[in-house]
Amino acid sequence: MPTDPGANFVKTPGWLDWTTGPSKPAFKVPPGSVDAHCHVFGPGAQFPYAPERKYTPCDASKAQLFALRDHLGFARNVIVQATCHGADNRAMVDACAGSRGKARGVASVKRSVTDKELQDMHGAGVRGVRFNFVKRLVDFTPKDELLEIAARIAPLGWHVVVYFEAVDLPELRSFFTAVCDDLGTTVVVDHMGRPDVANGVDSAEFELFVSFMRKHANVWSKVSCPERLSITGPKALNGERAAYRDVVPFARRIVQTFPDRVLWGTDWPHPNLKDHMPDDGLLVDFIPHIATTPEFQRKLLVDNPMRLYWPELQP
Ligand code: 0GY
């Protein structure tokens with residue numbers, strides 16, 4: 001059951017709780033699959049939400065995340081620091097540390113972070129930092145601070161995860177180029193850079209993202225969050241377990257064009273959804289529509305996330 005946050009925290013009005021009973025997916029993910037984008041929230045009584053947060057979620061603990069992992073048939077998680085915890089990474093680090101090696105993390109840090117703190121996070125399983133450029137989620141962080149952080153984490157072998165909306169890519173492109181070309185750091189883009197699906201898969205907007213990936217060999221994309229991008233929504237067609245059909249061409253194009261640089265994740269517990277709460281089982285059933293062969297599926301769910309987050313286990 002989702003629990004309300006700690007006594008001092010009141011959920012943002014209209015906030016939808018993550019569903020308690022996701023269906024069992026019809027699609028069986030390959031052995032060793034990784035849910036490479038998910039979060040933990042609190043619990044607020046133990047790990048307070050950040051004062052500067054833009055929303056207050058319901059609690060979503062590591063035990064609940066691991067139960068979902070097992071229910072869906074996944075072997076591992078990548079837990080991404082959510083903005084409601086700001087640069088206080090304790091909840092995410094605690095979840096990684098409590099996973100028995102089955103979770104890695106992506107942190108949010110400020111320039112005040114010490115080398116010792118970075119080393120400790122590395123020891124707990126953190127392998128990246130996230131820079132968020134979505135204005136409704138965070139206040140602006142100067143790019144020189146982000147570049148300084150990117151330069152400090154590169155020697156640890158960490159990568160940079162970026163979250164932005166498609167309309168902002170033209171402005172952000174030169175910054176990302178500095179991170180991936182000048183520093184040589186892998187840059188992972190959340191949710192395909194959030195294209196506007198109403199514009200169509202052949203739009204100039206989406207082509208800009210595809211050509212950006214083509215130009216920079218160390219830019220990766222998460223082909224996740226159809227529930228955030230879809231206009232047609234979760235309604236299944238003809239009784240098929242196939243929702244969010246209007247997002248399929250976008251994710252499929254990225255998977256087919258860059259099969260070695262794609263990741264997939266549930267985005268559980270689905271922050272900031274106001275219209276509907278996705279069924280995680282149905283989200284898993286989205287996968288074979290975008291990764292249409294066993295080889296694409298193995299790269300997306302196993303080979304790529306293992307190479308990025310568990311390179312030491314590579315054969
Ligand atoms: C996501 C998307 C969202 C939120 C966050 O850290 C966050 O608060 O990432 C969003 O609201 O679009 O990936 O979880």
Side-chain angles (χ1 to χ4, degrees), residues 2 5 9 11-19 34-42 44 47-60 64-65 68 77-93 95 103-110 126 128-141 146 160-169 172 187-197 220-231 244 247 250-251 262-278 280 283 286 305:
F9 299 103
K11 269 188 302 189
T12 300
W15 179 272
L16 292 181
D17 284 349
W18 48 275
T19 175
V34 182
D35 174 354
H37 186 95
C38 49
H39 310 285
V40 288
F41 295 147
F47 301 111
Y49 298 108
E52 72 274 20
R53 69 190 178 282
K54 305 284 188 196
Y55 62 81
T56 304
C58 59
D59 287 343
Q64 290 163 327
L65 173 65
L68 178 82
N77 295 109
V78 178
I79 306 174
V80 177
Q81 174 75 353
T83 56
C84 57
H85 278 294
D88 177 349
N89 293 284
R90 282 177 298 162
M92 179 272 295
V93 164
R104 294 285 196 235
V106 174
S108 288
V109 300
K110 298 200 162 108
V126 173
V129 286
R130 188 185 199 203
F131 297 154
N132 199 314
F133 299 94
V134 178
K135 296 175 189 84
R136 67 184 161 78
L137 289 172
V138 284
D139 293 326
F140 180 72
T141 304
L146 300 183
V160 169
V161 174
V162 291
Y163 189 25
F164 62 88
E165 293 178 336
V167 288
D168 295 320
L169 180 56
L172 289 167
V187 172
V188 180
V189 178
D190 281 345
H191 318 331
M192 300 183 281
R194 289 198 66 128
D196 181 347
V197 299
W220 293 40
S221 176
K222 292 178 194 163
V223 286
S224 44
C225 278
E227 72 282 9
R228 292 185 189 279
L229 307 174
S230 178
I231 298 165
Y244 313 116
V247 187
F250 293 81
V262 283
L263 301 170
W264 184 90
T266 54
D267 195 33
W268 185 91
H270 311 291
N272 285 318
L273 287 181
K274 299 276 178 349
D275 301 332
H276 78 286
M277 181 51 54
D280 294 286
L283 286 175
F286 183 73

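Fair warning: this is a prediction, and the values are worked out from it, not measured in the lab. Position 1 is the first residue of the sequence, and the numbers go up from there. Remember, it's 1-based here, ligands and their atoms both numbered in the order they're listed.
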**Minimum side-chain heavy-atom gap L273-W15 below 4.5 Å** = no
Item to check | Side chains of Y163 and R194, donor plus acceptor under 3.5 Å | outcome: yes
### Query
Taking atom types as modelled, is there a side-chain donor on T266 or D280 under 3.5 Å from an acceptor on the other?
no
The ring-ring contact (aromatic ring centres under 6.0 Å, His included) partners of F47 (sequence neighbours excluded) come to none
So the salt bridge (charged side-chain N to carboxylate O under 4.0 Å, His left out) pairs with at least one residue in residues 262-277 (sequence neighbours excluded) are R228-D267
Chain-and-number sorted residues having a heavy-atom contact under 4.0 Å with ligand 1 are H37, H39, Y55, A82, T83, R130, R136, L137, Y163, H191, R194, R228, D267, P271, N272
D168 meets the salt bridge (Lys or Arg N to Asp or Glu O under 4.0 Å) criterion, sequence neighbours left out, with K135
